[in-house]
Amino acid sequence: MSVLGCSGHEIPPSPKEQRVPENDVVIDSAAPCVTGRPVETSFCGLPLEGDFENTNDLEVVAQASTTSASCTQLYVATRTINDRVPRVRRYKMISVEPCAFARDEDFAEVTGEISAISTSPDGVVFGLGYDRVRRLAPAPAIDCALDAVEITMHSALTLAPDGRSGWVLVDTTGKPKAAPLAFTGDACHVGPPSEHGFKSKVSGLVMDDRNQLHVLPLTDGKSPLAKPYILDPRTGVIREYEVADRVGGFYSLFDLAPCNEGTCVFDGTRMLNFTSDGHFLGAVPEPRGDGWFAPRAYVGSWTGPLFQLGTGSGSHPGLRLQFIKVPGGT
């Protein structure tokens with residue numbers, strides 16, 4: 001439809017905004033999977049899924065990443081207004097410079113009523129839902145037997161980097177306890193919970209390759225005393241993260257993710273990098289987007305790169321992924 005301007009001349013309709021490829025990269029689903037870290041913080045190319053062109057219809061439910069010696073994979077659970085349950089898709093890194101990911105056709109899309117996912121480099125995917133822990137992949141999907149464990153909306157899930165074991169955190173906002181997750185073949189089992197509890201309510205959880213839990217305490221944003229810490233649920237031994245005096249305390253902890261050889265902690269407008277032993281490596285301001293990016297969560301993997309996942313707008317609709325250069329590392 002044309003519109004008449006003040007002079008009486010017709011004003012042609014504005015053309016539909018075209019989607020701009022990230023970094024002008026071509027997405028080739030047949031390309032082999034690779035791993036690596038781009039030199040600088042930058043957006044990664046992703047395939048545009050047809051249902052996701054309208055970003056307002058897209059909800060990112062959960063995310064996870066794994067890295068092996070030669071391959072970084074990204075798992076994303078999303079749903080649109082037409083979906084009753086989330087669907088989990090896997091993407092593989094096909095280029096480091098420029099950063100790009102393609103749909104991994106070797107992984108069949110799976111669905112499930114889940115609020116969190118955790119994955120392993122060999123394709124094992126566990127999902128956490130209301131009153132259940134379910135192995136979503138490989139097929140067939142199976143529900144884990146629960147031993148003295150009640151799964152609620154205040155539970156959390158994390159797998160070891162090698163995907164051979166895990167922990168399920170029960171009652172994150174009350175008196176949290178960790179229950180071991182074990183699985184062999186087509187059977188999995190959760191519980192009973194460890195007798196050793198946590199020193200705080202929990203807002204973030206990551207398992208390392210020594211069967212220890214890196215814990216992000218749930219804080220009120222007013223006290224500088226709360227610190228992330230490492231808990232061995234089998235013994236109850238707790239070690240707090242160490243931070244340089246020049247950095248000060250923690251004031252507004254909101255996210256924790258594995259990155260490089262340790263973890264990254266997000267505190268207010270800062271991102272801090274730590275070793276797997278909780279020793280401080282460096283800090284930088286939290287990365288910014290480009291005006292067409294609404295970040296939802298950070299996602300990383302042990303020994304692998306760190307990303308910020310979110311949705312785009314304007315000429316960058318749908319799912320967007322930003323590689324994050326880690327302080328104290330590459």
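Just so you know, these numbers come straight off a predicted model, no measurement behind them.
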Going by atom types alone, do Thr72 and Thr67 pair a side-chain donor with an acceptor below 3.5 Å?
yes
Are Tyr241 and Thr263 close enough that a side-chain donor and a side-chain acceptor fall under 3.5 Å?
yes
Any donor-acceptor pair under 3.5 Å linking the side-chain atoms of Ser276 with those of Arg210?
yes
Could you walk me through whether Cys264 and Leu272 pass the side-chain contact (heavy atoms from CB on, under 4.5 Å) test, one step at a time?
CA-CA 6 Å; Cys264 283; Leu272 302 93; over 6 Å; no
Determine whether a donor-acceptor pair (N or O, by modelled atom type, separation under 3.5 Å) exists between the side chain of Ser29 and the backbone of Ala102.
no
Would you check if Arg134 and Ile114 make a side-chain contact, meaning some heavy-atom pair closer than 4.5 Å?
no
Flag the pair Glu113 and Arg84 as a salt bridge only when some basic side-chain nitrogen lies within less than 4.0 angstrom of an acidic carboxylate oxygen.
yes
How far does CE of Met271 sit from CG of Asp255, to the nearest 0.5 angstrom?
11.5 Å
Side-chain heavy-atom pair Met207, Ser165 within 4.5 angstrom cut-off
yes
In terms of heavy-atom contacts, does CD of Glu109 have more than 12 from other residues, nucleotides or ligands at under 6.0 Å?
yes
Are side-chain heavy atoms of His189 and Asp147 found at a separation under 4.5 Å?
yes
Phe307-Tyr298 aromatic ring centre distance below 6.0 Å:
no
Walk me through whether Gln308 and Val299 qualify under side-chain contact (heavy atoms from CB on, under 4.5 Å).
CA-CA 6 Å; Gln308 189 170 207; Val299 55; over 6 Å; no
Do Val206 and Phe274 sit in the same hydrophobic cluster, where Ile, Leu, Val, Met, Phe, Trp and Tyr count as joined when their side-chain heavy atoms come under 4.5 Å apart?
yes
Pair Arg135 + Asp186, salt bridge at N-O below 4.0 Å:
yes
Any luck finding a side-chain donor-acceptor pair between Tyr75 and Arg90 under 3.5 Å?
yes
Look only at the side chain of Asp232 and the backbone of Gly236, and say whether a donor-acceptor pair between them is shorter than 3.5 Å.
no
Student check: side-chain heavy atoms of Trp167 and Pro180 closer than 4.5 Å:
yes
Looking at Ile238, Leu205, Val202, which one forms a side chain to side chain contact (heavy atoms under 4.5 Å, CB included) with Leu231?
Ile238
Answer yes or no: is there an ion pair linking Asp209 with Arg164, defined by an N-O contact shorter than 4.0 Å?
no
Do Asp122 and Ser120 pair up side chain to side chain, a donor and an acceptor below 3.5 Å, judged on atom types alone?
yes
Does some side-chain heavy atom of Leu159 sit less than 4.5 Å from a side-chain heavy atom of Leu181?
yes
Donor-acceptor contact present, side-chain Asn260 to main-chain Gly262, <3.5 Å
no
Is a side-chain donor or acceptor of Lys92 paired with a backbone partner of Ala31 at a separation under 3.5 angstrom?
yes
In terms of ring plane angle, is the pair Phe266 and Phe254 parallel, tilted or perpendicular, where the classes change at 30° and 60°?
tilted
If every non-hydrogen atom of Thr35 is compared with every non-hydrogen atom of Val96, which pair is closest and at what distance?
O-CG2, 3.7 Å
How about Trp302 and His214: are their ring centres within less than 6.0 Å of each other?
yes
Is there side-chain contact between Leu74 and Leu321, with heavy atoms separated by less than 4.5 Å?
yes
Is Asp277 reaching over with its side chain to a backbone N or O of His279, donor-acceptor style, under 3.5 angstrom?
no
Test your reading of the model: is there a side-chain donor-acceptor pair from Thr269 to the backbone of Glu286, 3.5 Å cut-off?
no
Would you say Val61 and Leu128 are hydrophobically clustered, going by side-chain heavy atoms of ILVMFWY under 4.5 Å?
no
Whether Ser252 side chain and Asp267 backbone form a donor-acceptor pair below 3.5 Å
no
Given the rule in the side chain to side chain donor-acceptor pair (under 3.5 Å) test, do Thr311 and Arg320 qualify, once you have shown the distances and angles that lead to the verdict?
CA-CA 5 Å; Thr311 54; Arg320 294 193 75 191; over 6 Å; no
Using every non-hydrogen atom in the two residues, find where Pro161 and Pro121 come nearest and quote the distance to one decimal.
O-CD, 3.1 Å
Contact between Phe101 and Ile94 at the side-chain level, heavy atoms closer than 4.5 Å - yes or no?
no
Donor-acceptor contact below 3.5 Å, side chain Ser95 vs main chain Cys99
no
Check whether any side-chain heavy atom of Pro86 sits under 4.5 Å from a side-chain heavy atom of Thr78, and report yes or no.
no
Say whether, by atom type as modelled, one donor and one acceptor occur between the side chain of Ser194 and the main chain of Ala178 under 3.5 angstrom.
no
When every non-hydrogen atom of Pro228 is compared with those of Pro217, the smallest separation belongs to CA-CD, 3.7 Å
